[in-house]
Protein chains: 2
Amino acid sequence: MDEAVSATAGARVPRTERGRRTLRLILDAAAAEFGERGFHEAGISRITQRAGVALGTFYTYFDSKEAVFTALVRDMSMQVRDHVAPRLSGTADAIAAEGAGLEAFIGFARAHKEIYRIIDEAEFVDQASFRTHYQSTVDRIVTRLRRGAARGEVREDIGEVHGWAIVGMNVFLGLRYGVWNEDGAPEEIAGTVNAMLRDGLKP
Amino acid sequence: MDEAVSATAGARVPRTERGRRTLRLILDAAAAEFGERGFHEAGISRITQRAGVALGTFYTYFDSKEAVFTALVRDMSMQVRDHVAPRLSGTADAIAAEGAGLEAFIGFARAHKEIYRIIDEAEFVDQASFRTHYQSTVDRIVTRLRRGAARGEVREDIGEVHGWAIVGMNVFLGLRYGVWNEDGAPEEIAGTVNAMLRDGLKP
DNA sequence: CTGAAACCTGAACCGGGATTCAACTTCGGT
DNA sequence: ACCGAAGTTGAATCCCGGTTCAGGTTTCAG
């Protein structure tokens with residue numbers, strides 16, 4: 001975890017170098033704690049222990065347990081985007097790009113199994129963050145596909161529904177083949193989905 | 001809510017008529033409470049108030065808060081299946097059947113918005129129930145598609161990956177177009193997905 | 001009718017953990 | 001050097017809700 005501290009809106013901004021260091025410690029500890037135990041089982045005191053700071057220090061930087069969580073959702077959201085984005089360019093066409101996106105996402109999920117315990121648990125802890133994350137993900141997908149349509153690579157009638165369908169696929173495949181069990185190579189899974197996305201399921 | 005009480009394994013089985021009535025009251029109250037507030041915000045005392053019984057009565061039927069929740073997940077899971085299954089037959093082919101399944105699911109989600117606060121929150125409260133539900137859903141989809149493949153209606157290489165992809169699509173579309181916002185007719189959404197499933201996204 | 005099992009009641013218990021705060025230490029600019 | 005701001009500390013406070021239980025009521029088989 002080496003997110004830019006600037007990314008963590010909602011946190012009180014440290015004025016000194018020491019403060020920045022401490023905030024980073026707390027943030028990383030929180031990601032680990034929430035990732036392992038989920039929001040409700042996680043404890044502020046456990047977070048501060050992990051971080052190696054006193055309990056009260058936490059409240060120098062965050063107003064509440066919910067506040068760190070929100071900051072983390074935002075951060076993870078950006079991490080996913082930044083990890084997937086570069087893998088999209090250099091693909092043959094818009095459909096191949098979505099396949100590459102899925103492959104990158106599964107890889108990310110394997111390396112950051114805490115992602116579901118943070119972003120997805122937000123559905124039940126901090127709906128606003130959850131919706132924002134997925135809506136913007138959908139927006140990016142739809143934009144990419146429409147550009148592909150303009151280039152004649154995909155059908156013309158791309159809409160939000162396609163975006164939500166693809167996000168849903170990716171999320172569940174990431175959970176099943178990234179977090180729960182690492183059977184199957186990401187490339188193969190992405191390949192299967194790619195074929196389905198390109199030609200459909202008909203024989 | 002009028003689930004068969006027999007469906008609720010995990011609950012202590014009532015011996016008298018009065019007992020069966022009370023258990024049903026608690027179960028329905030719990031579904032409403034969990035549906036509105038989510039697992040952690042829900043309260044046993046609030047459930048018993050809704051049900052119109054004393055606090056202690058709850059523990060005549062369930063060992064813990066988790067226990068009712070598990071019973072409810074199982075019950076909702078069966079309700080979804082029973083609502084979707086009949087809509088699958090009478091469709092033109094295996095691909096059309098999946099479209100019909102999605103349409104039925106969105107309808108169910110609109111009528112039972114508590115579904116995500118129960119089945120999906122189980123990912124963070126009772127993983128075993130969550131996995132069982134989705135694995136069996138995937139199994140059903142894969143079985144259907146393979147039968148379709150045998151009839152020459154879909155491609156031969158159907159595997160688990162296709163099943164998880166379809167479930168993921170359905171879950172996210174149900175959340176977006178069933179629970180969050182009812183814009184768009186289920187038939188249209190299902191139609192869009194159907195076209196995608198049949199022919200893919202290529203022009 | 002009757003007595004034992006089944007059921008119901010709700011006040012009291014209890015543990016856990018989020019949040020506060022007043023005293024103390026370190027930092028950084030002058 | 002010095003001082004105000006920034007940061008740190010952890011014991012104490014506070015609240016909340018899940019669970020227990022001893023005593024009462026209802027049911028129903030015989």
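In what follows, every chain begins at residue 1, and chains take the letters A, B, ... in the order their sequences are listed. No hydrogens, no waters, no symmetry mates; every other heavy atom, side chains included, goes into these values.
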Check your understanding: Between atom CZ of B:F105 and atom CZ of B:R87, what is the distance when rounded to the nearest 0.5 Å?
Key -> 12.5 Å

Check your understanding: Which whole-number value in Å describes the distance from A:R20 CZ to D:dA6 P?
Key -> 13 Å

**Study point:** Smallest separation among heavy atoms of A:A54 and A:T48, with atom names
**Key:** O-CG2, 3.6 Å

Check your understanding: Starting at CZ of A:F62 and ending at P of C:dG17, how long is that distance when rounded to a whole Å?
Key -> 20 Å

Review point. What's the CG-C1' distance between A:L23 and D:dT8, to the nearest Å?
Key: 14 Å

Practice item. Check A:V138, A:L145, A:V171 against A:I166 for a side chain to side chain contact (heavy atoms under 4.5 Å, CB included) and give me the one that passes. Key: A:L145

**Study point:** Full working for salt bridge (charged side-chain N to carboxylate O under 4.0 Å, His left out) between A:R131 and A:D126
**Key:** CA-CA 9 Å; A:R131 292 197 188 198; A:D126 179 8; over 6 Å; no

Point to revise | For DNA chain C, the residues among residues 117-129 of chain A that have a non-hydrogen atom under 4.0 Å from it | key: none

Point to revise | Sequence-aligned protein contact record of nucleotides 24-30 of chain D, with B where the base is within under 4.0 Å of a protein heavy atom and S where only the sugar-phosphate is | key: --SSS--

Point to revise | First encountered from the 5' end of DNA chain C, between A:T57 and A:R37 | key: A:R37

Exercise for review: Scan B:R50, B:R117, B:R46 and name whichever one has a salt bridge (charged side-chain N to carboxylate O under 4.0 Å, His left out) with B:E36.
Suggested key: B:R50

Point to revise | Phosphate OP1/OP2 of C:dT9: any B:Y59 side-chain N/O under 4.0 Å | key: no

Check your understanding: Looking at the side chain of A:K65, which of D:dT8, C:dC7, C:dA18 is the nearest nucleotide?
Key -> C:dA18

Exercise for review: Output yes when a side-chain donor or acceptor of A:E153 lies under 3.5 Å from a complementary backbone atom of A:A94, and no otherwise.
Suggested key: yes

Practice item. Mind telling me whether A:H112 and A:F108 have parallel, tilted or perpendicular rings, with 30° and 60° as the class edges? Key: parallel

Practice item. Take atom CD of B:E33 and atom P of D:dG17, then tell me their distance rounded to the nearest Å. Key: 10 Å

Exercise for review: Report the distance from atom CD of B:E66 to atom C1' of D:dT19, rounded to the nearest whole Å.
Suggested key: 12 Å

Point to revise | For A:Y61, the option from A:V13, A:I26, A:V68 that meets side chain to side chain contact (heavy atoms under 4.5 Å, CB included) | key: A:I26

Review point. Is the shortest side-chain N to carboxylate O distance from A:D63 to A:R12 below 4.0 Å?
Key: yes

Review point. Which word best sums up how the rings of B:F172 and A:F172 line up, parallel for under 30°, tilted for 30 to 60°, or perpendicular for over 60°?
Key: perpendicular

Study note, to complete from the structure: In numerical order, the residues of residues 38-55 of chain B whose heavy atoms come under 4.0 Å of DNA chain C are B:V53, B:A54, B:L55

Check your understanding: Hey, are A:E17 and A:R20 close enough for a salt bridge, meaning a charged N less than 4.0 Å from a carboxylate O?
Key -> yes

